[in-house]
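Note sheet for the following structure.
Computed over heavy atoms, backbone and side chain alike; hydrogens, waters and symmetry mates excluded.
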Amino acid sequence: VYLKRMHVDTVSPHSMGVKFAIDYFGEDHVMYGDDCPCWTPESSLEVFEGVEGLTDEQRTKVFRDNARRFWELDKAPAAPELVTATR
């Protein structure tokens, strides 16, 4: 029961490992990750694209929504506007 309360990222060189993480921990507890510089984000995206049976909603949770919720990014103050010097 304790393990299913964990949040994990999807660093895995195999689509089946990513699928197992989502099936075991649940789609609300898995976040997209890569193991840069050990392998490229493009490589990890290819692995994730190989996960069969995910809905668009599940993909959005893993790629964005879960991290935003976990790190409370929606509560973070807006970034200040950049001021550029003019000459």
Side-chain angles (χ1 to χ4, degrees):
V1 174
Y2 176 76
L3 287 176
K4 294 202 177 199
R5 293 178 18 208
M6 295 177 63
H7 288 77
V8 297
D9 68 21
T10 59
V11 176
S12 174
H14 306 287
S15 297
M16 289 178 63
V18 175
K19 176 76 169 138
F20 174 81
I22 293 169
D23 289 346
Y24 183 80
F25 292 104
E27 63 194 51
D28 294 324
H29 292 265
V30 178
M31 294 177 263
Y32 172 75
D34 67 59
D35 200 13
C36 186
C38 295
W39 51 318
T40 65
E42 293 82 12
S43 298
S44 58
L45 283 171
E46 287 178 21
V47 169
F48 190 78
E49 288 301 318
V51 177
E52 296 181 8
L54 294 182
T55 66
D56 288 341
E57 180 182 355
Q58 289 171 313
R59 289 180 187 279
T60 300
K61 284 182 178 183
V62 171
F63 275 122
R64 182 190 67 204
D65 295 346
N66 293 341
R68 293 186 68 82
R69 187 183 71 251
F70 181 81
W71 296 108
E72 298 181 343
L73 297 177
D74 292 330
K75 296 178 183 177
E81 293 292 322
L82 293 177
V83 178
T84 57
T86 57
R87 295 185 180 174

Exercise. According to the interplanar angle, ranging from 0 to 90°, do the rings of His7 and His29 count as parallel (below 30°), tilted (30 to 60°) or perpendicular (above 60°)?
Worked result: tilted
Exercise. Do Tyr32 and Asn66 pass the side-chain contact (heavy atoms from CB on, under 4.5 Å) test, and can you show the C-alpha distance, the side-chain angles, and the key distance before you say yes or no?
Worked result: CA-CA 9 Å; Tyr32 172 75; Asn66 293 341; over 6 Å; no
Exercise. Any chance CG of Asp74 has more than 12 other-residue heavy atoms, nucleotides or ligands included, within less than 6.0 Å?
Worked result: yes
Problem set entry | Inter-residue atom distance Asp9.CG - Met31.CE, 0.5 Å rounding | 7.5 Å
For this session: Take Glu49 and Arg59 through the test side-chain contact (heavy atoms from CB on, under 4.5 Å) and record every step on the way to the result.
Result: CA-CA 9 Å; Glu49 288 301 318; Arg59 289 180 187 279; 3.9 Å; yes
Problem set entry | In one Ile/Leu/Val/Met/Phe/Trp/Tyr side-chain cluster, 4.5 Å: Met6, Val30 | yes
For this session: With rounding to the nearest 0.5 Å, note down the distance linking CE in Met16 to CD in Glu52.
Result: 9.5 Å
Exercise. So, Ser15 side chain and Phe48 main chain: donor-acceptor pair closer than 3.5 Å or not?
Worked result: no
Problem set entry | Worked check of side-chain contact (heavy atoms from CB on, under 4.5 Å) between Asp28 and Arg69 | CA-CA 10 Å; Asp28 294 324; Arg69 187 183 71 251; 4.0 Å; yes
Problem set entry | Distance (rounded to the nearest 0.5 Å) between Thr60 OG1 and Arg68 CZ | 12.5 Å
Problem set entry | Lys61 NZ to Glu57 CD distance, which is reported to the nearest 0.5 Å | 5.0 Å
Problem set entry | For the student: nearest non-hydrogen atoms of Ser12 and Gly17, plus distance | OG-CA, 3.9 Å
Exercise. Which distance, rounded to the nearest 0.5 Å, do you find between the CG of Asp65 and the CD of Glu27?
Worked result: 10.5 Å
Problem set entry | side chain to side chain contact (heavy atoms under 4.5 Å, CB included) partner of Val18, the single match among Val11, Val47, Val62 | Val47
Exercise. How far apart are the C-alpha atoms of Phe63 and Leu45, what are their side-chain angles, what is the distance that settles it, and do they pass the side-chain contact (heavy atoms from CB on, under 4.5 Å) test?
Worked result: CA-CA 10 Å; Phe63 275 122; Leu45 283 171; 3.6 Å; yes
Exercise. Shared ILVMFWY cluster between Tyr24 and Ile22, side chains joined below 4.5 angstrom?
Worked result: yes
Exercise. Do Trp39 and Val8 share a hydrophobic cluster (ILVMFWY, side-chain heavy atoms under 4.5 Å, transitive)?
Worked result: yes
